[in-house]
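We name chains A, B, ... by the order of the sequence lines, and we start the count at 1 in each one.
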Amino acid sequence: MLLWLAPLSLWGQSDLSYDWEATPQLHELDSSYADAGTVMVLDKHEVAFYYDIKDDLQAQTTTHRIIKVQTDAAIEANNKVYLPYADEASVIRQQVRVINSKGKVFTLDASDIREATDAETERKYRYFALKGMDIGSEVEYLFVLQSIPNVTGIDYMMQSYTPKVKATFDLIAPENLVFQVKTYNGLPEAVRDTIDGKLRWHVEAEHVKGMIEEPFSNPEDNRMRLVYKLSRNAYGSGEEVVRYGPVAEDVYSYMAAAPSKSELKDLQKLVKEIPFEKDDDDAMRIWRTEQFLKKNIAVLEASSDELEELGFIMNNKVANERGFTRLLVQAYTLLDIETRVVITCSRFDRRMDPSFESYNFLDTYLLYFPAVAQYLQPAGILFRTPMVSYAYTDNYGLFLDPITLGDFTTAMARLDYIEPASHELTRDDTFIEVDFSEDIANPKIQLRHEQIGYNAVVQVLFDYYDETDKEELRKQYLNFVAKAPENLKVDSKNEGSEFNGQAPYIVDATFNSKEFVDKTANKFLFKIGEMIGAQSEMYFERNRVLPVENDFNRSYLRVIEFDIPEGYICKNLEELEMDMFMEEDDRRTCTFTSTVQQEGNHVKVEIVEYYSNIREPLGNYAAFAEVINAAADFNKKVLLFEPAL
Amino acid sequence: MRKSISCLFMLWAGGGLLAQTSELSMYRAIYPDDKVIRLEHSRTINLEVAGDSIVASLEETTRNLILDDAGGWSGGGEVSYNYWMPLRELEAYTLVPNGKKYKKREVETFKDLKTWDGSIFAHDDMQRSWIYPSLVAGAITHQYVVKDIREPRFISPWYFGSFIPEITSRYSIVCPEDMELTIRYFNMEEDDVTFSKTTNKGRTTYTWEQQNLPALDIEDGAPSAPYFIPHIMAYVRSYTTTQGRQTLMDKVDDLHAWYATFIDSLDSSGDPELRAITDSLVRGKDEDVEKIKAIYYWVQNNIKYIAFEEGWGGFVPRQASEVCSNRYGDCKDMATMIYEMGKMAGLDIHLAWIGTRDIPYRYEEVPTPISDNHMIAAVQYNGAWTFLDATSEHLPFGYPSSFIQGKEALIHLGDGQFELASVPVVEASRNALREQFTIELDPEKQLLKGVATEEVQGYRKMQIGGRIRNAKASSLLNDLNRFYTVGNNKFRLESFDYTHLNDKDQSLLVRYDFVVPDYAKSIGDEVYVSLQLSNYFEGDLVQADRIMPLEREYLSVFEKTVELLIPEGYDVSYMPEKSAYQNDDFSFRINYFREADKVRSETSIEINHLLLEPGQFENWNTMIETLSEAYRELVILKKIQTDE
């Protein structure tokens, strides 16, 4: 399979001379690590490629870690170790030991190591419990695994959520195989040299901080990491090995290949069942096709040839992502709607690097419809056009552009940016009327809540939930606003995927609630700010590390109307006026604006809030936090109703 | 509703030749909100006597009807098995509607995987899973499983009902005519189920059947399923072999005799490390209580919990010497360590089996392994038992772990000797949270400044202590801000100190300074301020349609005093009335006091039940409403008018 990588003659062999210290010594850490429960004193990772006796390329991965535990919690987090390994991997060496705080060494026997497979990911694990650990212990393990080499693009994360004193990465290859190693997020560049006639790329970082999780951030994309791939074989043609061009041709030839006669018959029958209507425009036809096929075909996370065969898929109503994407492409082709296959990855794993062609970025399929400039996510059962999971937007993608040469059609690879959906497509609007006329302390409240876009994913959930869960979904927003509603009536509209992308999800509720009014002596305090539900806040985030990243763009409109109770006056209405925003080229990128209008006793408060930039640099963090906090500040607004004199 | 369902069902059953499309539409009409229903769930336990022992196996059939095409999303099947119940046979297929008949499509690919359970490190539970083909509306999935039952004491109960509606639920036991079974009904009466007993050629068949069971909905906060799901437990009391009559599980004595074999070879009395540690712990201590406490705390602090439940490893403890060297173990390993060390120290100490609160049975009612799942040590001094569970690292000596409160321990006293002893429920006052706030107000800035002291005990200390332990010294204020927030979310911790976090015999004492911007409301010459700061249980109503009891982890008391120093130039113009609610299971009171330069509120809430039963829901809601109303009452401060 990898013969094309074979050298002219020589075969090499793996280097097994690396070993841990025969007599281990405990490490002293400087005071900057005092606060960390777990510290990785050493994290060495080496991938060595070599030719075996049959001239086949092999890979050998060496992992050597020394982990110091400084708290009871750290012992508990580290005394059970789970090491994933690839299916085909064979274990050449596995050594595990604990050096306790007194220097006593406990070495694990091979019989202490168990194996299992994770049911969800189907990854194999070796796992073991570590003996003799106490505070101050160091755990050390050295694993050497042999595996089928992957040279088409591999990520390696140098930074993890545990601080590291020293982290190294080495890639060793026969002299003919020239790799490319690219580093990100401040990780020093790879240094290339030669050892024992082999090529080596070495990356080293010291005092790597533990990554942290912060609100409105994307820690994974910010981790110090690298990606490597084989660039060219000096003994071969010398051309780039890992290119998107052949991928585009290959994927296109599968997706667009003409169906067999019987497949075509089944497909025509299937497409005939789609309930199109006369006036449907392109966008509507795209939507109806997607909705019909997603409702009728189950898309599984499984790799199997039959789940990618059109005939099998249509007969058994089940496909995997790749197979379902082909079914969609074929259905749209039959309907004469132009589609383009796009391949990308989740930006929450890490973003695609448009300047580095590498197959690790090719994780998932999208379809793009040039006529309406919309995307569709085949495996996204919760999403309907024009929305796809936001993880695949604000990222680059590989677009397969069809090109016809004579009577042969293939596809060219093109990299392009996948725009995130605008804030106007994701709305969360609330209209509230508060009626104090019967009981000021226990007003009657009418609330309408409307959601579209990413907020309306709930519509699709209605397809899958049972009655109890549906009831909970309907009350979800209400519970967010009111803890103890009385005389509650809830009515909801547009439940089910058939409304997603077509009509907002609407909940109408009427109820009484005492929780918004405090009564004291002969006055009432109307806690109007609490009527928008507890808002997220970043009041006390100190020492922000990561730049801002939102999941998706979004907007909120809240309108609250009420009559000041008869016989009472309200003197502090103007306190509700707020205007907090960020600007870029005279355009507001995010805003929280609250305005008040009063006519006689009638008061109308209108709050406009939106966020239209997915990312903000770290330098803009404070300004962004101010807008976020503005909503939480509004929560504290209180109006005083006092008897009119 | 129940009646109309069975009427419809009868109609259909009598119809016989009705096409399956009408079967589908009938069930759709009965279950409009369900995607899939279970037509049949049946199990037969086969028991035979071979030689001296019982050979047991289980056959189980599950047939589901897909009501909706989207049912395909749940198109997976799975069966679990392990050392005790190896899988002997499995068949799975889909019956796909095909005109008036069905086409059978076999499942061809199965996957065997070890299941992951975060709480158990090493076990042998396996899962075989597959995907059913062609799950269109009207399709029927069929699963048939045969498992061996290696140990007849492990025959599990039969539950009537599932998370989807069940049309037929049937449980059978087939055994030799002279085998004696004990049959018990839980959460149901004998009459609720169709029962038959027939004997043919020396084999007796017992069958229990129920029909048209609605889907089970387990409400949040409910105790574990065996507390309310109707179920049957049938187990072998005695049987006959060539050697004569054998008793398997009749009395607690039988269970104890069997359990005793798991521990009779435990002996670490010669282990030098264990001996040295024990000696160093008890040296200079005269009182038994001091000795056992030192041993208990050492095991808690030094042995980490890692559960091993592979085969017999789920029942037989490791030698204490090995656990000591490894520095890890599961419940029975830790119990064994405490026991061996206690013996070395000359204490009256014993091993004990116990069921956690998830298990509703008492040993005398069900003297089988179903009644327990845990091991502890029990020590006797001054004529009373103290229960020692080292699996909870921060549990104070003298407290049982919260999940065995009120349960019954089977204490091993020696060969053929045991005692059943009740584990006490820890009284509310030993799990108290007592807070004392002294606050000052800046009326102009609406800013609150305060200092708080807090005393925390028992199970509550374990909870709160965990938060403090998880906070980093370098970012203590940041990490704890959220947990201590009172007033509103602009709350900011300015300082934070604590003592006795790791001294298990003492209450945790916390002291912190804080500010809360935008807390009070100043309008005109008045300031409106709540003297509650934190509103425990506000709005915590039980839903009107709730059916199941609500489970609490432990009984507890909250006490809070808030003292506001009256700002200079102000006087109190309004102070709320007192408020209270009293009941044996729960109560609260709030009082306000005016002193020279202060106004003070005193609040206390007592939760005095482990299970809030449905009969108390209305009273509970009354208390919560009264309490919530009291929380909304404000103090008004008014500027003192001065002549200028």
Side-chain angles (χ1 to χ4, degrees), chain A residues 34-36 71-73 75-76 79-80 106 114 116-119 122 127 129-134 295-298 300 302 304 315-318 381 441 463-464 466-468 470 483-484 514-515 517-521 523 525 534 537 539-543 571-572 632-633 635-636 638 640 642, chain B residues 33-35 69-70 72-73 75 105 109 111 113-116 121-122 127 129 131 133-136 215 217 301-302 304-306 308 325-328 393 469-470 472-475 478 481 488-490 492 518 521 523-524 528 530 538-539 541 573-574 576 624-625 628-629 632-636:
Chain A
D35 214 14
T71 58
D72 275 317
I75 295 176
E76 270 158 41
N79 65 2
K80 298 171 285 290
F106 299 78
R114 294 169 162 81
T117 306
D118 183 276
E122 293 187 24
Y127 64 105
L130 294 171
K131 297 177 177 180
M133 275 172 86
D134 61 355
K295 269 223 91 152
N296 285 284
I297 310 272
L300 308 177
S304 120
N315 284 323
N316 294 291
K317 312 271 186 200
V318 59
I381 60 161
D463 287 6
Y464 301 103
D466 65 21
E467 203 40 48
T468 318
K470 283 180 187 176
K483 275 188 207 147
K514 295 174 186 155
E515 62 205 282
V517 181
D518 287 341
K519 178 183 187 294
T520 273
K523 299 168 189 179
L525 286 108
E537 45 80 19
Y539 289 133
F540 301 111
E541 281 237 6
R542 298 165 223 206
N543 313 318
K571 290 185 191 160
N572 64 335
D633 283 346
N635 279 155
K636 283 134 201 119
V638 176
L640 177 73
E642 48 189 321
Chain B
D33 294 317
D34 289 286
K35 313 248 169 263
D69 278 339
W73 66 276
R105 289 189 51 106
T109 318
K111 256 179 231 160
L113 293 172
K114 195 161 205 164
T115 55
W116 285 99
F121 174 72
Q127 187 175 296
S129 62
I131 290 160
S134 309
L135 290 187
V136 293
D217 175 27
N301 293 342
N302 290 280
K304 301 296 172 197
Y305 181 79
I306 300 183
F308 291 85
S325 164
N326 287 349
R327 293 290 198 271
Y328 61 67
E393 193 183 340
R469 269 180 215 103
N470 287 337
K472 288 186 173 163
S474 61
S475 55
N478 222 14
N481 204 84
N488 66 40
N489 58 7
K490 285 192 167 180
R492 194 168 71 228
D518 292 344
K521 193 80 211 158
I523 301 171
Y528 303 84
S530 163
E538 186 185 22
L541 296 167
S573 73
Y574 177 81
I624 295 301
E625 274 164 16
S628 302
E629 206 140 311
R632 284 190 289 273
E633 286 275 359
L634 306 179
V635 168
I636 305 180

> Which atoms of B:Leu634 come close to chain A, meaning under 4.5 Å heavy atom to heavy atom: side chain ones, backbone ones, both, or neither?
Replying inline: both

> Is there side-chain contact between A:Lys571 and A:Glu642, with at least one heavy-atom pair below 4.5 Å?
Replying inline: yes

>> Is A:Asn572 close to chain B through its backbone or its side chain, or both, or neither, when contacts mean heavy atoms under 4.5 Å?
In response: side chain

> Non-hydrogen atoms of chain B under 4.5 Å away: do they reach the side chain of A:Lys470, the backbone, both or neither?
Replying inline: side chain

> With chain A, which of B:Leu541, B:Asn488, B:Asn470, B:Asn302 has the greatest number of heavy-atom pairs at distances under 4.5 Å?
Replying inline: B:Asn488

> Taking the side chain as C-beta and beyond, is there a heavy-atom pair between B:Arg632 and A:Val517 under 4.5 Å?
Replying inline: no

>> Only pairs of heavy atoms separated by less than 4.5 Å count here; which of B:Lys490, B:Glu393, B:Glu629 has the most with chain A?
In response: B:Lys490

> Tell me, side chain or backbone of B:Glu538 under 4.5 Å from chain A's heavy atoms, or both, or neither?
Replying inline: both

>> Apply side chain to side chain contact (heavy atoms under 4.5 Å, CB included) to residues A:Val318 and A:Leu300 and explain how you reach the verdict.
In response: CA-CA 7 Å; A:Val318 59; A:Leu300 308 177; 3.3 Å; yes

>> Before we go on, tell me: are the rings of B:Phe308 and B:Tyr328 under 6.0 Å apart, centre to centre?
In response: yes

> A:Ile75 versus chain B, heavy atoms under 4.5 Å apart: side chain, backbone, both or neither?
Replying inline: side chain

>> Do A:Asn316 and B:Arg105 pair up side chain to side chain, a donor and an acceptor below 3.5 Å, judged on atom types alone?
In response: yes

> Would you say the side chain of A:Asp134 lies within less than 4.5 Å of the side chain of B:Arg327, judging by non-hydrogen atoms?
Replying inline: no

>> Taking side chain as everything from C-beta outward and backbone as N, CA, C, O, which of these in A:Lys519 sits under 4.5 Å from a heavy atom of chain B? Side chain, backbone, both or neither.
In response: backbone

> Quick one: what part of B:Ile131 sits under 4.5 Å from any heavy atom of chain A, side chain, backbone, both or neither?
Replying inline: side chain

>> Report which part of B:Lys472 has an atom under 4.5 Å of a heavy atom belonging to chain A: side chain, backbone, both, or neither.
In response: both

> Which bit of A:Glu515 is near chain B, if near means a heavy-atom gap under 4.5 Å: side chain, backbone, both or neither?
Replying inline: both

> Contact part of A:Leu130 toward chain B, heavy-atom cut-off under 4.5 Å: side chain, backbone, both or neither?
Replying inline: backbone

> Side chains of A:Tyr539 and A:Asp633: donor-acceptor distance under 3.5 Å anywhere?
Replying inline: yes

>> I'd like to know whether A:Asp72 forms a side chain to side chain contact (heavy atoms under 4.5 Å, CB included) with B:Lys304, so could you lay out the CA-CA distance, the side-chain angles of the two residues, the decisive distance to 0.1 Å, and finally the verdict.
In response: CA-CA 9 Å; A:Asp72 275 317; B:Lys304 301 296 172 197; 2.7 Å; yes

> Using non-hydrogen atoms only, which part of B:Ser628 is less than 4.5 Å away from chain A: side chain, backbone, both, or neither?
Replying inline: neither

> Would you say the side chain of B:Lys521 lies within less than 4.5 Å of the side chain of A:Lys636, judging by non-hydrogen atoms?
Replying inline: no

>> If we define contacts as heavy-atom pairs under 4.5 Å, which of A:Ala36, A:Ala484, A:Gly132 has the most with chain B?
In response: A:Gly132

> Taking every heavy-atom pair that is under 4.5 Å apart, which of B:Ser134, B:Ser129, B:Ala122, B:Ala473 has the most such pairs with chain A?
Replying inline: B:Ser134

>> Quick one, A:Ile381 and A:Tyr464 - any side-chain contact, counting heavy atoms below 4.5 Å?
In response: yes

> Side chain, backbone, both or neither: which part of B:Asn489 has an atom under 4.5 Å from a heavy atom of chain A?
Replying inline: both

